[in-house]
Protein chains: 2
Amino acid sequence: MILSTKGRYGLKMMYELALKYGSGTMSLKEIAHKQQLSETYLEQLIAHVRKAGLVTSIRGAQGGYELSRKPGEITVGEIIRTLEGPLAPSECVLEDEPECTRAEYCVTRLIWEKIMDSINNVIDSITLQDMLNDYHKMKKNREGEKNDEHS
Amino acid sequence: MILSTKGRYGLKMMYELALKYGSGTMSLKEIAHKQQLSETYLEQLIAHVRKAGLVTSIRGAQGGYELSRKPGEITVGEIIRTLEGPLAPSECVLEDEPECTRAEYCVTRLIWEKIMDSINNVIDSITLQDMLNDYHKMKKNREGEKNDEHS
DNA sequence: TTGAAATCCGAGTTATATGCTAGGAATTCA
DNA sequence: TGAATTCCTAGCATATAACTCGGATTTCAA
């Protein structure tokens, strides 16, 4: 498995906030209930996301969270990297890592770089808005199917 | 980190065998020494690779391992999946997994599928032979640089 | 023929990461 | 004022990762 629950739950959480975007805040309790996840666990995850500036919070009763930018301006990559750290398949391809000290030419490193690039390419090109669009498309398709059944 | 040492060391190990391909067997001791890895640990890894049919072994003194196919016929994907299992970012996109039971349309699943496809696309398109070619290319480039220095 | 070099096998061990839970402080609205 | 909420730190149970160990088996070569 590539991702831990941090990234997986975190994205679901952010998607939930995207659905709500534009109409006020949403409490963690509500998010946890809608996605059937542990509220206290999500608490930890959203703390990171908030510190990264992706959501803003309002404390106190009737408080909650909301996206701090439009869904189209938040990528899946930002969310996942915030929660999981950089998605490198091996340490040696991380930015701050010193060059491989191996005497010979490190060929496997080229592989890790290609894998990393392709993952980043995918997650950086998808925004929360794309997910909302997918949702609407899927919904429409299913309703179409239903109508077919009855005809 | 996406890959554990199983996949990372395993690929290095197989690359070492690819370098040796065509000129007899290579002992684990030799592989471990060349790649600076624990021999006893590699023992476990190569057992899987052997059971998967990627290498064949010769027991006893002067024994060792060799690739059971040409380097061009063994992909990085086969090696990594043998050692790591399927590289799915989430359980729900695995073949044998039942459909998401979530009542609503699962939009995050689409993301995991795209990530998985892109990773598989990379690792299944690279063979050990490609790695050998990369090695020779890098070697040639470095020698070119050296000559430049002296000119 | 014997011993060294190797593969094979299963179990055990240690450290780290994962996936949470608990308790309580601080804030804010009704 | 109290209920609902975010915020913060710590702890904990389990699983996984990354090895190690002991020994059995096989085979070549001196």
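Reminder, nothing fancy here: chain letters follow the sequence lines and each chain counts from 1.
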* Structure fact -> Rounded to the nearest 0.5 Å, the NZ atom of B/K34 sits from the OH atom of B/Y15 at a distance of 10.0 Å

* Mark yes or no for a side-chain to base donor-acceptor pair under 3.5 Å between A/Q44 and C/dT21, with no hydrogen or angle criteria applied. => yes

* Phosphate oxygens OP1/OP2 of D/dC7: is one of them under 4.0 Å from a side-chain N or O of A/R50? -> yes

* Asked: Of all the choices, D/dG22, C/dC20, D/dA4, which nucleotide is nearest to the side chain of A/A61 once you look at every atom?
  -> D/dA4

* Does a nitrogen or oxygen in the side chain of B/S57 sit under 4.0 Å from OP1 or OP2 of C/dA6? -> no

* To do: Any chance you could measure A/L128, atom CG, to A/L67, atom CG, to the nearest 0.5 Å?
  => 6.0 Å

* Please say which of A/L54, A/T25, A/I31, A/V49 ends up in a side-chain contact (heavy atoms from CB on, under 4.5 Å) with A/L17. => A/I31

* Atom CG of A/L83 to atom C1' of C/dG19: distance rounded to whole Å? -> 14 Å

* **Under-4.0 Å side-chain N/O to phosphate OP1/OP2 contact, A/K29 with D/dA4** => no

* Asked: Is any N or O donor-acceptor pair between the side chain of A/R59 and the base of D/dT5 shorter than 3.5 Å?
  -> no

* To do: Would you kindly give the CD-to-C1' distance between B/E39 and C/dA6, to the nearest whole Å?
  => 9 Å

* Quick one: A/H48 NE2 to D/dT6 P, roughly how many Å, whole number? -> 17 Å

* Structure fact -> Quick note, B/S4 side chain, CB onward, closest among D/dA18, C/dG19, C/dA30 is D/dA18

* Is the backbone N or O of A/G7 less than 3.5 Å from a side-chain atom of A/E84, with the two atoms forming a donor-acceptor pair by type? -> yes

* **Toward the 5' end of DNA chain C, by each residue's nearest nucleotide, A/S38 or B/I58** => B/I58

* Using a distance-only test with no angle check, is there a side-chain donor-acceptor pair under 3.5 angstrom linking B/Y9 and B/S4? -> no

* Side-chain N or O of A/Y9 closer than 4.0 Å to phosphate OP1/OP2 of C/dT18 -> no

* To do: Using atom CD1 of A/I2 as one end and atom C1' of C/dT18 as the other, report the distance to the nearest whole Å.
  => 17 Å

* To do: Kindly point out which of D/dC19, C/dA6, D/dA10 is positioned nearest to the side chain of B/T5?
  => D/dC19

* Write down the distance between NZ (B/K51) and C1' (C/dT7), rounded to a whole number of angstrom. => 12 Å

* Asked: Does the side chain of A/Y65 get closer than 4.0 angstrom to OP1 or OP2 of D/dC7 through an N or O atom?
  -> yes

* Asked: Under a 4.5 Å cut-off applied to non-hydrogen side-chain atoms, are A/K12 and A/E16 in contact?
  -> no

* Of A/E43 and A/K6, whose closest DNA chain C nucleotide lies nearer the 5' terminus? -> A/K6

* Contact class for A/T40 vs. all strands (heavy atom < 4.0 Å): base, sugar-phosphate, or nothing? -> base

* Round to the nearest Å and state the distance from B/L28 atom CG to C/dC9 atom P. => 13 Å

* Asked: Atom OH of B/Y41 to atom P of C/dG12: distance rounded to whole Å?
  -> 19 Å

* Which is true for B/I46 with a 4.0 Å heavy-atom rule: it touches a base, it touches only sugar-phosphate, or it touches nothing? -> nothing

* Rounded to the Å, how far apart are B/M26 CE and C/dT7 C1'? -> 16 Å

